[in-house]
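Chain letters run A, B, ... following the sequence lines, proteins first and then strands; every chain starts at 1.
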Number of protein chains: 2
Amino acid sequence: MTNRSKGLAGVVAGQTAISEVYGQEGRLVYRGYDIHDLAANTTFEEVAYLLWRGDLPSAAQLAALKAQMAAARELPDGVLKAMRLLPPSAAPMDVLRTVVSRLGIEDPHMTPTPDQAIGLTAKIPTILAAFHRLRQGLEPLPARPDLSHTGNYIYLLTGQEPTPVAAESLGTYFILLADHGFNASTFTARIVTSTASDIYSAVSAGIGALKGPLHGGAPSLVLEMLQAIGTPENAEAWMRNRLKQGPIMGIGHRIYRAEDPRAEILRELSRRVADAQFFHLAWESEQTALRLVHENPRASRMYTNVEFYSAATLHAAGLPPDLFTPSFAASRTAGYTAHILEQVAEHELIRPNSEYIGQVGRKVVPLAERG
Amino acid sequence: MTNRSKGLAGVVAGQTAISEVYGQEGRLVYRGYDIHDLAANTTFEEVAYLLWRGDLPSAAQLAALKAQMAAARELPDGVLKAMRLLPPSAAPMDVLRTVVSRLGIEDPHMTPTPDQAIGLTAKIPTILAAFHRLRQGLEPLPARPDLSHTGNYIYLLTGQEPTPVAAESLGTYFILLADHGFNASTFTARIVTSTASDIYSAVSAGIGALKGPLHGGAPSLVLEMLQAIGTPENAEAWMRNRLKQGPIMGIGHRIYRAEDPRAEILRELSRRVADAQFFHLAWESEQTALRLVHENPRASRMYTNVEFYSAATLHAAGLPPDLFTPSFAASRTAGYTAHILEQVAEHELIRPNSEYIGQVGRKVVPLAERG
């Protein structure tokens with residue numbers, strides 16, 4: 001037998017120059033820049049440019065990108081018409097996956113291009129906000145070209161100018177979540193691209209993978225957990241009960257063996273922008289969870305993951321819980337499309353082997369003679 | 001660095017009891033049954049049951065499955081309504097990917113079930129046929145519960161009872177293409193499932209991967225090639241010219257180092273069912289291609305792959321070329337869903353590592369100071 005590893009853990013599936021997760025040290029780097037540096041000193045549009053092109057933009061390049069993204073925000077008529085038929089009860093991740101796939105019908109060009117990456121990334125907030133308006137019986141709003149990518153997203157959702165708190169929270173969140181190596185959904189998008197398929201196939205596939213609670217689907221569950229706990233005094237009893245059934249949402253990560261740097265940044269952001277009482281609940285719940293998981297002497301070191309304070313940050317930005325994971329997808333689309341463009345240049349099908357553990361040497365018995 | 005292999009070639013990404021590709025010997029086995037045996041002695045419904053359940057059905061089990069599939073063929077009203085808005089020029093693979101994703105909105109159950117596998121497999125031909133009718137300005141037809149899965153597909157496409165040739169061709173094709181180990185689209189569906197996402201996310205992702213010409217997207221290109229060659233006398237000149245630009249469609253495979261058993265079965269099927277003149281053209285073109293690719297003394301042994309005679313078989317069954325790959329997807333959905341159900345039981349995220357080859361140690365320069 002050849003190389004074998006459960007869930008491909010530790011298997012290097014390819015090369016990338018886009019981002020690196022230093023799991024042992026708890027560092028995340030995009031194109032050589034530390035995530036702390038990017039979160040403190042850049043905007044999402046600059047980070048998206050960095051992921052796509054490899055370098056941060058000049059002022060002129062940034063202005064051109066912002067203009068291109070702003071111009072690409074509106075959805076084709078046929079797509080919006082189809083969205084009007086969606087049931088209001090639809091799960092936003094299902095809507096996003098479907099509408100991204102539907103956009104591919106309008107743009108049949110096969111080999112992914114940078115313009116497609118920019119155009120699709122620009123449209124994701126429009127899709128989510130349009131559906132959020134429609135399900136409330138409201139008309140989708142026209143995009144505001146004067147607002148940033150995340151500022152416009154808040155505007156399209158609410159019809160209000162983004163508050164400074166909401167703008168800062170969502171802008172930082174979008175930077176932090178934009179890429180993360182060969183995570184399951186990005187790897188999915190790369191495999192789809194490796195067959196020489198198109199960018200909408202690849203991104204909608206990634207969104208479908210991100211939906212799963214073992215990947216991107218858990219931040220709203222953290223909020224539900226905090227709401228169920230209610231007050232810090234209840235945290236220990238709630239957590240002890242939860243640990244009998246399974247892991248605690250927002251704690252532990254497949255790659256990090258140190259604190260997830262995104263959790264650290266979002267914790268400090270939440271401390272500043274979230275409601276003080278809510279932050280206190282989140283903080284006490286986190287500390288309790290970390291203490292309890294390490295009571296088991298056989299437990300390896302576990303740390304807070306990005307989802308824990310994603311919930312607090314997105315809640316502070318005014319987003320409804322069922323748009324948490326779709327907003328993760330909106331941010332990660334910059335990363336997906338950067339990886340898709342990188343994969344296009346590889347010209348190599350990703351196709352692993354499997355180990356067959358089934359039966360052998362059977363012969364078909366005629367139907368009438370089967371037991 | 002840990003295990004590293006370009007495109008995961010030779011890397012075992014997981015275990016399966018569903019199918020095995022014996023690449024060196026040119027054998028394909030589903031659940032221990034040789035594909036020749038299954039193609040000669042079973043129907044697609046029996047093979048789907050085998051893939052899902054592990055054993056061939058008894059007569060009573062088969063009757064129950066056929067009834068369940070027949071009852072599940074119709075599309076929900078909202079889905080058909082959305083399909084009426086699709087542009088007639090849409091690529092059928094884009095339509096299929098989108099409508100499968102759209103079906104997920106109607107069935108929000110998260111963990112994939114055998115009933116979902118059966119229901120979704122039953123609906124794929126309905127989706128393709130409904131779109132094929134709508135794009136011609138015709139009304140979709142109600143499904144015919146008295147017809148087999150592939151017989152009903154032909155009926156829904158054409159409004160005619162399937163001819164014996166069409167029924168045999170498509171039935172055999174669906175058996176042969178139903179599964180093939182960890183091919184790129186099946187592996188995509190398994191990764192999506194591994195995040196604990198839903199069956200529609202997984203299958204629509206697989207369809208997006210199958211669309212790529214390096215995977216499932218090439219059979220219509222074989223037909224175009226044969227039509228461009230026109231007559232057997234032109235084959236050599238055409239092929240020599242083509243070889244200057246790239247590989248010949250339908251020749252060579254990532255896994256097989258012997259004849260693809262599916263190609264062998266489809267060649268013999270085509271010999272019987274295809275138009276004699278067309279078969280002669282296909283056969284002469286194939287022999288010419290195999291001779292020319294081996295003129296290069298450094299070429300490894302190359303064989304005809306499944307796509308070459310897929311084109312002839314599906315053409316003989318009366319399918320339009322742009323439904324060749326979607327019909328591949330219709331067949332492979334049995335395999336996708338079997339793998340999805342197997343992956344659900346694994347409870348393990350598939351998440352590889354990547355090798356970072358980008359820059360390190362960069363610091364953000366303020367926007368105004370960038371060159």
Side-chain angles (χ1 to χ4, degrees), chain A residues 2-4 7-8 10-17 20 31-33 37 41 58-59 81-82 85 90-91 94 97-98 101-102 104-105 108 181-182 184 188 191-192 195-197 201 205 208-209 211-215 254 348-360 362 364 367 370, chain B residues 2-4 7-8 10-17 20 31-33 37 41 58-59 81-82 85 90-91 94 97-98 101-102 104-105 108 181-182 184 188 191-192 195-197 201 205 208-209 211-215 254 348-360 362 364 367 370:
Chain A
T2 45
N3 302 323
R4 166 103 179 81
L8 290 180
V11 173
V12 173
Q15 298 181 318
T16 181
E20 173 68 338
R31 301 277 191 191
Y33 293 98
D37 193 8
N41 298 309
S58 69
K81 232 179 236 172
L85 296 179
D94 291 343
R97 183 193 63 224
T98 303
S101 175
R102 178 68 183 73
I105 291 175
F182 277 22
T188 297
I191 297 179
V192 173
T195 74
S197 192
S201 290
K211 182 186 169 192
L214 297 187
H215 184 13
R254 171 76 168 259
E348 176 83 16
L349 181 70
I350 301 175
R351 202 286 189 206
N353 283 2
S354 50
E355 180 191 358
Y356 184 63
I357 54 167
Q359 302 207 39
V360 294
R362 298 165 96 182
V364 173
L367 183 61
R370 286 182 212 150
Chain B
T2 42
N3 302 326
R4 166 102 180 82
L8 290 179
V11 173
V12 174
Q15 298 181 317
T16 182
E20 173 68 337
R31 301 278 193 190
Y33 293 97
D37 193 9
N41 298 309
S58 68
K81 236 180 232 172
L85 297 178
D94 292 344
R97 183 192 64 224
T98 302
S101 175
R102 178 68 183 72
I105 291 175
F182 278 22
T188 297
I191 297 178
V192 173
T195 74
S197 192
S201 290
K211 182 186 168 191
L214 296 187
H215 184 13
R254 172 76 167 260
E348 175 83 15
L349 181 69
I350 301 174
R351 201 286 188 207
N353 283 1
S354 50
E355 181 191 358
Y356 184 63
I357 55 167
Q359 302 207 40
V360 294
R362 300 165 96 182
V364 174
L367 183 60
R370 285 181 213 150

**Q** Under 4.5 Å, counting heavy-atom pairs only, tell me which of A:Ala184, A:Pro352, A:Gly208 racks up the most with chain B.
**A** A:Pro352
**Q** Could you state the interatomic distance from CG (B:Leu349) to CG (A:Leu8), rounded to the nearest 0.5 Å?
**A** 10.0 Å
**Q** Of the backbone (N, CA, C, O) and the side chain (C-beta and beyond), which part of A:Ala90 lies under 4.5 Å from a heavy atom of chain B, both, or neither?
**A** both
**Q** Quick one: side-chain contact (heavy atoms from CB on, under 4.5 Å) partners of A:Ile357, sequence neighbours excluded?
**A** A:Glu355, B:Gln15, B:Ala17
**Q** Report the distance from atom CG of A:Leu214 to atom CZ of B:Arg351, rounding to the nearest 0.5 Å.
**A** 13.5 Å
**Q** Heavy-atom pairs under 4.5 Å with chain B: which of A:Gly104, A:Gly212, A:Pro213 has the most?
**A** A:Gly212
**Q** Select, from A:Ala59, A:Gly181, A:Ser354, the one with the greatest count of heavy-atom pairs under 4.5 Å involving chain B.
**A** A:Ser354
**Q** Mind ranking B:Arg362, B:Arg370, B:Gln359 by heavy-atom pairs under 4.5 Å with chain A and telling me who comes out on top?
**A** B:Arg362
**Q** Which atom names give the shortest non-hydrogen contact between A:Arg102 and B:Leu85, and what distance separates them?
**A** NH2-O, 4.1 Å
**Q** Please identify each residue that fulfils side-chain hydrogen bond (donor to acceptor under 3.5 Å, both in side chains) with A:Ser197, with sequence neighbours left out.
**A** A:Ser201
**Q** Testing the basics here: between B:Val11 and A:Val11, what is the closest heavy-atom pair and its distance to 0.1 Å?
**A** CG1-CG1, 4.0 Å
**Q** Tell me which of these, B:Thr188, B:Val192, B:Val364, has more heavy-atom pairs under 4.5 Å with chain A than the rest.
**A** B:Val364
**Q** For the interface with chain B, which of A:Ala209, A:Ala91, A:Gly358 has the highest count of heavy-atom pairs at distances below 4.5 Å?
**A** A:Ala209
